Amino acid sequence: MSQNRHHNPVQDYIDQTFAPDDELLQTLRAKGETLRTGIQISAGEGRLLYILAKMLGAKRILELGCFMGYSTIYLARALPEDGELITLESNAQCATLARQHFAQTNLPITLIEGDAHEILPSLEGTFDLIFIDADKISYHYYLKALLPLLRTGGLMVGDNTLLSGTMLGKRVSNISAPAIEAMKAFNEMMADPDLFDGVMIPTAEGMTIGIKR
Ligand code: DHB
Ligand code: MG
């Protein structure tokens, strides 16, 4: 899934021109690369999330899966002073490191460590923007569970929605048939005009966005 995020000249140009990372983001990205190469969003994709959140005037953001916190920080930087971002992370090592990274900012980020399947029912209120970047096999389940948590006119965003090209018919050995089915169902639901005004942004990994109707 990670290969495409490297050696992509369009992405490299965008990253260099529009999204030079500051020291904190460079450091945490490098740490993430040593732990799991290529799974972090690109700088330009971070910038895109930031702009989407700003356009929306998002005050409350929910993220599923933060890894080192790279996308989290881009999203949280778009918030106003009274905004808040809640991020869920199931991996204890990632949660510990991400917390250390967030502590180096003044951003209003709350990390909840645990399995989203268990945490989602306990979340209160609605969100203006929800970013799903967690276990791919659960994307359809998450979307159904998250729909009531997104306000009307809010933005749902999913990363990796081409699922390594498997949505285009590519065969990839480490991606299971149930994960492919789940991602197909996710994209179909995001494309349902009764539920969303949706589209996929053609990033290397695919990023599906939809405004809740
Ligand atoms: C994987 C997860 C991601 O969120 C991503 O962007 C790329 C790869 C993975 O689990 O393999
Ligand atoms: Mg991802």
Side-chain angles (χ1 to χ4, degrees), residues 1-8 10-12 14-15 19 21 25 28-53 61-76 85-95 97-98 101 111 113-117 129-143 146 155-168 170-187 190 198-210:
M1 206 178 292
S2 36
Q3 290 308 56
N4 289 350
R5 280 213 164 111
H6 299 284
H7 314 298
N8 177 328
V10 174
Q11 188 179 287
D12 289 347
I14 295 169
D15 293 354
D21 282 341
L25 288 173
L28 75 87
R29 168 185 280 293
K31 192 181 294 170
E33 287 305 301
T34 66
L35 291 174
R36 283 190 65 192
T37 306
I39 73 161
Q40 297 173 101
I41 60 165
S42 70
E45 287 161 4
R47 192 81 190 145
L48 178 63
L49 290 176
Y50 169 87
I51 288 167
L52 290 171
I61 297 176
L62 175 66
E63 178 181 64
L64 271 59
C66 76
F67 192 49
M68 297 294 104
Y70 185 83
S71 54
T72 322
I73 289 172
Y74 263 109
L75 281 167
L85 187 154
I86 297 174
T87 187
L88 313 186
E89 176 54 54
S90 65
N91 180 293
Q93 183 195 18
C94 294
L97 290 169
H101 300 145
L111 188 155
E113 184 185 329
D115 186 334
H117 292 81
L129 188 155
I130 300 178
F131 180 48
I132 308 173
D133 196 13
D135 54 315
K136 312 311 168 200
I137 201 165
S138 302
Y139 266 42
H140 188 220
Y141 167 86
Y142 289 147
L143 185 54
L146 289 167
L155 191 71
M156 190 73 79
V157 182
D159 188 36
N160 308 104
T161 52
L162 286 170
L163 200 62
S164 304
T166 54
M167 293 304 99
L168 314 174
K170 193 173 157 194
R171 296 176 69 148
V172 181
S173 60
N174 64 345
I175 300 205
S176 69
I180 293 171
E181 283 316 304
M183 194 60 82
K184 270 189 191 155
F186 174 89
N187 279 322
M190 291 291 289
V199 76
M200 186 188 288
I201 301 170
T203 60
E205 300 284 331
M207 192 179 276
T208 299
I209 63 173

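All values derive from a computational prediction rather than experimental measurement. In each ligand, atom 1 is the first atom listed, and ligand 1 is the first ligand listed.
- Here the side chain of N187 pairs a donor or acceptor atom with the backbone of T161 at under 3.5 angstrom.
- T166 places no side-chain N or O within 3.5 Å of a backbone atom of I180 that could act as its donor or acceptor partner.
- Q93 and L35 get closest at one heavy-atom pair: NE2-CD2, 3.7 Å.
- Between Y74 and Y70, the ring-plane angle classifies as perpendicular under the 30° and 60° cut-offs.
- Residue I41 does not touch ligand 1, judged by heavy-atom distances below 4.0 Å.
- At a heavy-atom distance under 4.0 Å, only side-chain atoms of N160, from C-beta outward, approach ligand 1.
- Between the side chain of S42 and the main chain of E45, a donor-acceptor pair closer than 3.5 Å is present.
- Atom numbering of ligand 1 starts at 1 in the shown order; those under 4.0 Å from a heavy atom of K136 are 2 (C), 3 (C), 4 (O).
- Ligand-side atoms of ligand 1 in range of D159: 6 (O), range being under 4.0 angstrom from any heavy atom.
- For I39, a nitrogen or oxygen atom sits less than 3.5 Å from a nitrogen or oxygen atom of ligand 1, counting backbone and side chain alike.
- Of all N, O or S atoms in D133, the one lying closest to the Mg ion (ligand 2) is OD1.
- Not a single N/O/S atom of S71, whether from backbone or side chain, sits less than 2.8 Å from the Mg ion (ligand 2).
- The minimum heavy-atom distance between M68 and H101, with the atom names listed, is O-ND1, 2.8 Å.
- Contacts with ligand 1 closer than 4.0 Å are made by side-chain heavy atoms of R36 only, the backbone lying farther away.
- When the N, O or S atoms of D159 are ranked by distance to the Mg ion (ligand 2), OD2 comes first.
- Aromatic ring orientation, Y142 versus H117: tilted (interplanar angle from 30° to 60°).
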